[in-house]
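Notes to accompany the following structure.
Since the structure is predicted, the reported quantities are computational estimates derived from the model, not experimental observations.
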Number of protein chains: 2
Amino acid sequence: MTQKQEQLSKNQQIVLSIIEKAKGPLKAYSILYNVQKKGIKAPLQVYRALEKLIEIGKIHKIESKNAFIVCKNSDCEISKATAFSICEKCEVVDEVSNVKLSNYLSKFNDKKGMKFKRFNLEFFGLCKRCKIK
Amino acid sequence: MTQKQEQLSKNQQIVLSIIEKAKGPLKAYSILYNVQKKGIKAPLQVYRALEKLIEIGKIHKIESKNAFIVCKNSDCEISKATAFSICEKCEVVDEVSNVKLSNYLSKFNDKKGMKFKRFNLEFFGLCKRCKIK
DNA sequence: CTTAATTTGTTATAATATAACGTTTGTTAT
DNA sequence: ATAACAAACGTTATATTATAACAAATTAAG
Ligand SMILES: [Zn+2]
Ligand SMILES: [Zn+2]
Ligand SMILES: [Zn+2]
Ligand SMILES: [Zn+2]
């Protein structure tokens, strides 16, 4: 009987729950400070948990910010197709869930004969709130 | 009489020429080692040049690799719309130049009322050479 | 139980990037 | 030309992000 549902380890659970509670992306060392009371003492423990959580699609890394955010789309086809909107002023980040966009990019083919397995897209601009001000 | 063509400073020229000569993306400290014979001694001198070169669209940052590559599309509308293909095996990086893709993404609108000014897209996969092996 | 794989704990260090300061150089307008 | 301003420079120190290396503990499977 194959275990389909990945079982998270203790550290993985701790790190995930911090990221889930956060309103926006968290940086690795900010996560570290937040979990030190729970027994996680070293950066590596955080980074290892992050690595696994990304791998199984529970969280994503916002590359332009070196920060980590929970996946809001039931695990994004295991992180193969990710898109985010990022406000350049207030830094609010939101995961873009648009099937058309996702399909368009997933089907996109390079002229050079390269077959893409994965993409990450980051949009930048001003969010509704910041536009008004 | 307004100076339309940006004139690069000495350090900016040095850093740009290193990046232009490179076959792929270069990391900041690798650039630093390469230019130490030319009088640039400190990381900040490199980072400042990189910042300006990005701003004027001469180079781009590959966010997932923390590396810098020359723009191959006559300065990419001043870096407002960038896309790259990245081989996960040999790490070769290529700038994707596709007008349809660029238009599609430039016109993409968020449901949340956010107007995007800029995007960066990174595709991952195996390049032609690496697929064969 | 045994073996292999994963996860953990720990120390140290590598790699990436910016703060703060004062100086120099380049541009613009008088 | 020179005063005023902005941009670029040089330098030192430090902050931030991430991984190497190794041993111990835990878990999953046969
Ligand atoms: Zn997601
Ligand atoms: Zn905002
Ligand atoms: Zn370009
Ligand atoms: Zn390749």
- Item | Protein-nucleotide distance (B/I31, atom CD1; C/dA17, atom C1'), rounded to Å | 13 Å

Listed pairs, N/O of protein and of nucleotides 11-17 of chain D, under 3.5 Å:
{"from": "D/dT17", "atom 1": "OP1", "to": "A/K27", "atom 2": "NZ", "distance (Å)": "2.5"}

- Task: Find the distance B/L32:CG to C/dA17:C1' and express it as a whole number of Å.
- Result: 12 Å

- Would a distance-only check, ignoring hydrogens and angles, find a side-chain to backbone donor-acceptor pair under 3.5 Å from A/K52 to A/Q12? no

- Give a yes-or-no answer on whether the side chains of A/N120 and A/T82 include a donor-acceptor pair shorter than 3.5 Å. yes

- Look at B/E88 together with A/R118 and state whether they make a salt bridge at an N to O cut-off of under 4.0 Å. yes

- Message: Please determine whether a side-chain nitrogen or oxygen atom of A/S9 lies at a distance below 4.0 Å from atom OP1 or OP2 of C/dT8.
- Response: yes

- Any idea which heavy atoms bring A/E63 and A/E122 closest together, and the distance? N-OE2, 2.9 Å

- Closest approach of A/V46 to A/A28 (non-hydrogen atoms, all atoms of both residues): CG1-O, 3.8 Å

- Note on the structure: Separation of D/dA8 atom C1' from B/Q13 atom CD, nearest Å, is 13 Å

- Message: Can you give me the closest heavy-atom contact between B/N34 and B/K37, atom names plus distance?
- Response: O-CE, 3.7 Å

- Just how far, in rounded Å, is C1' of D/dA29 from CD of A/Q7? 17 Å

- Query: In whole angstroms, how far is the C1' atom of D/dA25 from the CG atom of A/N11?
  - Reply: 12 Å

- Task: Fill in the dot-bracket string of DNA chain C, one character per base: . for unpaired, | for a pair to another strand, ( ) or [ ] for pairs within the strand, taking Watson-Crick or G-U pairs under 3.5 Å.
- Result: ||||||||||||||||||||||||||||||

- Task: List, by chain and number, the other hydrophobic cluster members for A/F116, where Ile, Leu, Val, Met, Phe, Trp and Tyr join if side-chain heavy atoms come within less than 4.5 Å, directly or indirectly.
- Result: A/V96, A/L101, A/Y104, A/L105, A/F108, A/M114, A/F119, A/L121, A/F123, B/V96, B/L101, B/Y104, B/L105, B/F108, B/M114, B/F116, B/F119, B/L121, B/F123

- Query: In whole angstroms, how far is the C1' atom of C/dG9 from the CD atom of A/Q36?
  - Reply: 14 Å

- Value in whole Å for how far the C1' atom of D/dC9 lies from NZ of B/K10: 8 Å

- At under 4.0 Å, does any side-chain N or O of B/K52 touch on OP1 or OP2 of D/dA8? yes

- Query: So which heavy atom on A/C130 is nearest to which on A/C87, and how close?
  - Reply: SG-SG, 3.7 Å

- Query: Considering residues, nucleotides and ligands other than B/K128, do more than 12 of their heavy atoms fall under 6.0 Å from its NZ?
  - Reply: no

- Message: Just the rounded figure in Å: distance from P of D/dT26 to CG of A/L8.
- Response: 19 Å

